[in-house]
2 protein chains.
Amino acid sequence: MTLKKTYHMKLTPQRLAILEYLEGNKAHPSASDIYKAVSEKYPMMSFATVYNTLDTLRGKKHVRELSIDSQKKRFDPNLKPHHHLICLECRAITDVHRNFALDLTDSERFGYEITGNHVDFYGVCPKCKRGRRSKI
Amino acid sequence: MTLKKTYHMKLTPQRLAILEYLEGNKAHPSASDIYKAVSEKYPMMSFATVYNTLDTLRGKKHVRELSIDSQKKRFDPNLKPHHHLICLECRAITDVHRNFALDLTDSERFGYEITGNHVDFYGVCPKCKRGRRSKI
DNA sequence: TTATTATGTTATAATCATTCTAAATTAGAA
DNA sequence: TTCTAATTTAGAATGATTATAACATAATAA
């Protein structure tokens with residue numbers, strides 16, 4: 001009952017498997033990452049179900065869709081406002097939990113009504129740094 | 001000669017047309033925006049040429065590829081470091097020329113070597129604000 | 001329960017952005 | 001002017017995502 005109250009949607013086995021995979025997942029997975037993982041348990045699972053479920057989860061604000069990767073959408077079950085630290089070599093994404101109060105001047109605002117901001121930090125992750133060194 | 005020295009690549013009519021379209025373009029166009037605009041002048045122009053040209057321009061650091069839009073890549077000929085103000089309703093993108101010196105603490109850095117940052121401001125542009133009002 | 005209805009799942013086809021391929025063309029160097 | 005590597009082209013291929021329609025299942029009411 002408690003899950004049902006949390007999610008306000010029918011909790012089918014497929015959806016539960018997807019939710020379980022997403023729960024606490026910090027990897028910012030793509031639809032195909034999710035499909036691959038979940039279809040090991042549920043081989044009959046369809047790709048369409050992954051997309052449908054992500055769509056309703058997004059509609060109910062249980063996941064956020066990221067456009068960090070220009071190849072594919074990635075999804076984030078972490079709804080707390082946060083920012084990202086992105087490895088330019090392997091595209092790994094790490095969360096940064098901090099609030100940046102960034103203000104724009106009137107002339108920078110161009111008449112927009114501003115509702116939020118998101119910061120991407122770019123760099124090289126420790127793994128890729130090690131990889132580089134070993135190539136020298 | 002001067003263009004050739006600037007771009008360090010063969011300057012075909014197709015490439016010149018694409019460069020002319022991009023010059024000073026602040027709309028952050030997608031490949032198909034570019035194709036549509038340029039193929040009016042050069043009807044024989046191929047989509048592949050647009051992608052090829054964007055690819056070599058990116059390689060030579062004459063345009064930057066943006067992953068702001070999860071539907072398609074968008075391209076920015078403005079190479080000065082800058083940030084974006086994005087309309088959540090019509091996806092218009094406006095440049096913000098300011099430097100934000102954002103520092104992460106060691107514990108926030110997770111061992112990454114940080115090379116830069118980019119801020120997206122989200123909101124509603126003046127046009128869409130007007131559109132809303134007229135619907136009431 | 002059982003019947004009814006609404007919603008979810010599935011396989012498959014369709015779409016759209018992007019990349020690849022191989023043949024024909026051309027810019028720029030010699 | 002000639003030559004060659006780089007570029008362009010149409011079209012096929014790929015990969016992510018969305019749409020469709022038949023089928024299955026969960027929620028609801030009798």
Side-chain angles (χ1 to χ4, degrees), chain A residues 1-21 28-60 62-76 91, chain B residues 1-21 28-60 62-76 91:
Chain A
M1 269 310 144
T2 158
L3 274 175
K4 204 164 138 194
K5 286 210 176 149
T6 307
Y7 288 107
H8 300 285
M9 55 196 271
K10 277 194 193 175
L11 292 170
T12 64
Q14 293 88 336
R15 286 177 171 187
L16 286 169
I18 292 170
L19 286 170
E20 186 188 356
Y21 176 74
H28 309 78
S30 65
S32 65
D33 294 332
I34 297 168
Y35 174 73
K36 266 181 225 142
V38 173
S39 63
E40 291 193 3
K41 271 197 182 173
Y42 291 86
M44 78 298 296
M45 158 86 60
S46 155
F47 233 116
T49 299
V50 174
Y51 279 105
N52 288 340
T53 301
L54 286 169
D55 215 51
T56 72
L57 287 173
R58 176 181 41 209
K60 297 190 183 306
H62 292 122
V63 299
R64 206 177 304 166
E65 182 185 307
L66 309 178
S67 40
I68 276 170
D69 191 327
S70 61
Q71 308 296 303
K72 55 182 98 169
K73 293 175 182 171
R74 294 177 68 163
F75 297 87
D76 193 344
R91 290 275 136 191
Chain B
M1 269 308 144
T2 160
L3 274 177
K4 204 162 136 192
K5 286 210 175 150
T6 307
Y7 289 106
H8 300 285
M9 54 196 273
K10 276 196 192 175
L11 292 170
T12 64
Q14 294 87 336
R15 286 178 168 185
L16 286 169
I18 292 170
L19 286 170
E20 186 189 356
Y21 176 75
H28 308 78
S30 65
S32 64
D33 293 333
I34 297 168
Y35 175 74
K36 266 181 226 142
V38 174
S39 63
E40 292 194 3
K41 269 197 185 174
Y42 292 85
M44 76 300 296
M45 158 85 60
S46 156
F47 233 115
T49 300
V50 174
Y51 279 106
N52 287 341
T53 300
L54 286 170
D55 215 51
T56 73
L57 287 174
R58 176 182 40 210
K60 296 188 184 308
H62 292 121
V63 298
R64 207 176 303 167
E65 182 185 306
L66 308 178
S67 39
I68 276 171
D69 192 327
S70 63
Q71 308 295 304
K72 54 182 99 171
K73 292 176 184 171
R74 294 178 67 165
F75 296 87
D76 194 343
R91 290 276 136 191

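Scope of the values below: all heavy atoms of this structure, side chains included, with no hydrogens, waters or symmetry mates. The chains referred to below are lettered A, B, ... by the order of the sequence lines, with proteins before strands, and numbering in each begins at 1.
In terms of position on DNA chain C, the residue among A/Thr53 and B/Phe75 whose nearest nucleotide sits closer to the 5' end is A/Thr53. Looking at which nucleotide of DNA chain D each of B/Phe47 and A/Arg74 is closest to, the 5′-most match is held by B/Phe47.
Applying the salt bridge (charged side-chain N to carboxylate O under 4.0 Å, His left out) rule to A/Lys60 yields no partners; only residues at least two apart in sequence or on another chain are considered.
At whole-Å resolution of the value, NZ in B/Lys72 and P in C/dT18 are 8 Å apart. Between B/Leu57 atom CG and D/dA6 atom C1' there is a gap of 15 Å when expressed in whole angstrom units. Nucleotide D/dT17 holds its P atom 13 Å from the CG atom of B/Asp69, rounded to whole Å. The CG-C1' distance, from A/Leu54 to D/dA16, rounds to 13 Å in whole Å.
Using a 4.5 Å heavy-atom cutoff, the side chains of B/His28 and B/Ile68 are not in contact. Using a 4.5 Å heavy-atom cutoff, the side chains of A/Val50 and A/Met45 are in contact. At a threshold of 4.5 Å between non-hydrogen side-chain atoms, the residues B/Thr49 and B/Val38 do not count as touching. Between A/Phe47 and A/Ser39, the closest side-chain pair of non-hydrogen atoms is not below 4.5 Å.
Classified by interplanar angle (parallel below 30°, tilted 30° to 60°, perpendicular above 60°), the ring pair A/Tyr7/A/His62 is perpendicular.
Within the structure, every side-chain polar atom (N or O) of A/Tyr51 is placed at least 4.0 Å from both OP1 and OP2 of D/dT18. Put simply, A/Lys73 has no side-chain N or O that comes within less than 4.0 Å of OP1 or OP2 on D/dG15.
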As a quick check of understanding, evaluate side chain to side chain contact (heavy atoms under 4.5 Å, CB included) for A/Gln71 and B/Lys73, giving each step before the final call. CA-CA 8 Å; A/Gln71 308 296 303; B/Lys73 292 176 184 171; 3.7 Å; yes

Test log, rule side-chain hydrogen bond (donor to acceptor under 3.5 Å, both in side chains), inputs B/Ser30 and B/Asp33: CA-CA 5 Å; B/Ser30 65; B/Asp33 293 333; 3.1 Å; yes

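Test A/Ile18, A/Ile34, A/Thr12 against A/Thr53 for side chain to side chain contact (heavy atoms under 4.5 Å, CB included) and you get one pass: A/Ile18.
B/Ser67 places no side-chain N or O within donor-acceptor distance of the main-chain N or O of A/Asp69, the cut-off being under 3.5 Å.
Nearest heavy atoms, B/Tyr35 versus B/Ser46: CE1-C, 3.9 Å.
Note that CZ of B/Arg15 and CG of B/Asn52 are 8.0 Å apart. Values are rounded to the nearest 0.5 Å. Of the inter-residue distances, the one linking A/Met9 atom CE with A/Leu11 atom CG reads 6.5 Å to the nearest 0.5 angstrom.
Within a heavy-atom distance below 4.0 Å of DNA chain C, the residues of residues 28-46 of chain B found are B/Ala31. Against DNA chain C, the stretch residues 8-17 of chain B makes heavy-atom approaches under 4.0 Å through B/Lys10, B/Leu11, B/Thr12, B/Pro13.
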The contact string for nucleotides 19-24 of chain D, one letter per nucleotide 5' to 3', using protein heavy atoms under 4.0 Å with B, S and - for base, sugar-phosphate only and none, comes out as B-----

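Comparing the helix axis at one end of the helix from C/dT1-D/dA30 to C/dA30-D/dT1 with that at the other, each defined from 5 consecutive pairs, gives an inter-axis angle of 30° (nearest 10°).
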Please list, pair by pair, any protein nitrogen or oxygen found under 3.5 Å from a nitrogen or oxygen in nucleotides 22-24 of chain C.
none

